[in-house]
Undergrad: 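I have a structure here, written as C-alpha cells, and I will follow up with some questions on it.
The chains referred to below are lettered A, B, ... by the order of the sequence lines, with proteins before strands, and numbering in each begins at 1. Just so it is clear, the model here is predicted, and its values are computed rather than measured.
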2 protein chains.
Amino acid sequence: MHKFFMYIFEVMANSKLYKGSLNTIILKLLEEQGKMYGYEITQKVKALTKGELHITEGALYPALHKLEAGGLLDVEVVKVDNRLRKYYKLTEAGEKETVNRLAELEEFIRSMQQLVNPNWSID
Amino acid sequence: MHKFFMYIFEVMANSKLYKGSLNTIILKLLEEQGKMYGYEITQKVKALTKGELHITEGALYPALHKLEAGGLLDVEVVKVDNRLRKYYKLTEAGEKETVNRLAELEEFIRSMQQLVNPNWSID
DNA sequence: ACTTATGCATAAGATATTTATGTATTCTTT
DNA sequence: AAAGAATACATAAATATCTTATGCATAAGT
C-alpha cells in the first residue's frame with residue numbers, strides 16, 4: 001500500500017480503546033474462538049471492528065502474559081513455517097472470569113447509554 | 001447508615017468506570033444540565049446509573065480543573081449556606097468538543113458490541 | 001533488493017484512575 | 001449536646017493501563 005494511504009488509514013483508525021477493555025476483549029475472543037495467538041487477535045479485532053479498534057502489540061503481549069500469570073490462560077507454543085506461534089486458551093478459571101468481565105462490560109455500556117442517551121432513563 | 005451496610009454498598013457499587021470515559025461523562029452532563037458543580041456531578045451519575053457508576057472525587061476534581069485549563073469549561077464560584085460551590089459550564093469550544101467525544105464514545109460502544117455480541121456482525 | 005507482513009518481546013514515557021488524606025460547614029440521629 | 005453523616009472542595013502518592021519506540025527474526029510480495 002502507498003505510504004500516503006497508509007497514513008490516512010492510520011489517522012482514521014485512531015479510534016480510542018477505552019482503558020480496561022482490552023482484557024475483556026481478549027477473554028471474549030478466546031471464549032469464542034477456542035484458541036488464538038497474539039498476532040491473530042490483533043487481526044481479528046481489526047476485522048471485526050472494520051479497522052476501528054487497533055490493538056497495539058505493546059499492550060497486547062504484556063496483557064496476555066499477565067492473564068497467563070494470573071491463571072486465566074494456558075499457552076501452547078507451536079512452530080509454523082519456521083516461525084513461533086503462542087496459542088492461548090482459557091483455563092477453567094479463565095472461563096469463569098470471562099463471564100464476570102462480560103457482565104461488567106455490559107453493565108458499563110448500559111450505564112453509559114443511560115448517561116449519554118438520557119431519553120432512555122426514568123427521570 | 002451503619003458501617004456494615006456502607007461496606008456492603010461499597011462492594012456492590014464497585015462497577016468499573018472504564019478509563020477515558022470520565023471526561024466524556026462530565027461534558028455530556030454539562031451539555032444536558034447547563035451548569036453543575038462537582039459534588040452534584042457525582043450524585044447525578046450515581047442516580048442515573050442506579051449506583052452502578054461511582055465517580056471518585058480524586059478523579060473528578062482534577063478532571064474538572066484540566067477541562068477548565070483546556071478551555072472547555074468555565075467556572076463560577078457561588079456561596080450557598082456558607083459553603084462554596086464551583087459551577088462549571090461548557091464554553092463554546094467545550095460544546096464542540098462534547099460532540100466529538102460523544103461520537104467517539106458511541107463508536108467505541110458500537111465496536112465493543114461487535115466484539116462482545118458477534119451475532120450482530122457480518123462474518 | 002527492498003518493503004511489507006507475520007510473529008514475538010520489552011522498556012520508557014504518558015495518562016487516568018484509585019486510594020488516602022486533609023479542611024470546613026451543615027444536617028441528622030442518638 | 002455530641003457524634004456521625006452528608007455536603008463541598010482539594011491534592012499527593014500509588015497503581016494500572018496504555019502508547020510509542022525499539023528490537024529480533026522469518027516469509028512473502030514487488
Undergrad: Salt-bridged, Lys44(A) to Glu40(A), with N to O below 4.0 Å?
TA: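 Salt bridge between Lys44(A) and Glu40(A), a charged N being under 4.0 Å from a carboxylate O: no.
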
Undergrad: Met36(B) has an atom CE; how far is it from atom C1' of dC9(D), in whole Å?
TA: 16 Å

Undergrad: A side-chain contact here means heavy atoms from C-beta on lying under 4.5 Å apart; do Leu64(B) and Lys86(B) qualify?
TA: no

Undergrad: According to a strict under-4.0 Å criterion, is Lys79(B) in side-chain N/O contact with OP1 or OP2 of dA8(D)?
TA: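 Answer is no, no contact under 4.0 Å.
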
Undergrad: Rounded to the nearest Å, what distance is computed from the CD1 atom of residue Ile41(A) to the P atom of nucleotide dT6(C)?
TA: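 Nearest whole value for this atom pair: 15 Å.
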
Undergrad: What is the distance from NZ of Lys86(B) to P of dT23(C), rounded to the nearest Å?
TA: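 Answer to the nearest Å: 18 Å.
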
Undergrad: Nearest-Å distance, NE2 (His65(B)) to P (dC9(D))?
TA: 9 Å

Undergrad: Rounded to whole angstrom units, what separation is found between the CD atom of Gln43(B) and the P atom of dA8(D)?
TA: 9 Å

Undergrad: Flag the pair Asn23(A) / Arg101(A) as yes when at least one side-chain heavy-atom distance between them is below 4.5 Å, and no otherwise.
TA: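 They are in side-chain contact.
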
Undergrad: Give a yes/no on whether any side-chain N or O of Arg83(A) is located under 4.0 angstrom from OP1 or OP2 of dA27(D).
TA: no

Undergrad: If you compare every side-chain N and O of Tyr37(B) against the phosphate oxygens of dC9(D) (OP1, OP2), does one of them come in below 4.0 Å?
TA: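 No.
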
Undergrad: The side chain of Asp81(B) is closest to which nucleotide in this list: dC9(D), dT26(C), dG7(C)?
TA: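 When the side chain of Asp81(B) is considered, dT26(C) is the closest of dC9(D), dT26(C), dG7(C).
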
Undergrad: Atom CZ of Arg85(B) and atom P of dT7(D): how far apart are they, to the nearest Å?
TA: 10 Å

Undergrad: Report yes if some heavy atom in the side chain of Ile109(B) is under 4.5 Å from a heavy atom in the side chain of Gln113(A); otherwise report no.
TA: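 SC-SC contact between Ile109(B) and Gln113(A) confirmed.
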
Undergrad: Can you tell me if Thr91(A) uses its side chain to pair, donor with acceptor, with the backbone of Gly71(A) under 3.5 Å?
TA: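 It does hold such a pair.
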
Undergrad: Any chance you could list the contact pattern along nucleotides 11-18 of chain C? Use B for base contacts, S for sugar-phosphate-only contacts and - for none, protein heavy atoms under 4.0 Å, 5' to 3'.
TA: ----BSSB

Undergrad: Looking only at side-chain N and O atoms, does Tyr61(B) come under 4.0 Å of OP1 or OP2 in dC9(D)?
TA: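 Yes.
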
Undergrad: Calculate the interatomic distance between Tyr88(A) atom OH and dA9(C) atom C1'; express it in whole Å.
TA: 10 Å

Undergrad: Would you tell me if any nitrogen or oxygen in the side chain of Tyr39(A) comes within less than 4.0 Å of OP1 or OP2 on dA5(C)?
TA: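 For Tyr39(A), the contact criterion (side-chain N or O under 4.0 Å from OP1 or OP2 of dA5(C)) is not met.
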
Undergrad: Measuring only between side-chain heavy atoms, which start at C-beta, is Lys28(B) closer than 4.5 Å to Ile25(B)?
TA: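 No - every pair of side-chain heavy atoms lies 4.5 Å or more apart.
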
Undergrad: With respect to the phosphate group of dT26(C), does any side-chain polar atom (N or O) of Asn82(B) fall under 4.0 Å of OP1 or OP2?
TA: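 Yes.
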
Undergrad: Do Asn82(B) and Lys79(B) come close enough that some side-chain heavy atom pair is under 4.5 Å?
TA: yes

Undergrad: Starting at atom CG of Leu64(B), determine the distance to atom P of dT11(D), rounded to an integer number of angstrom.
TA: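 Answer to the nearest Å: 11 Å.
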
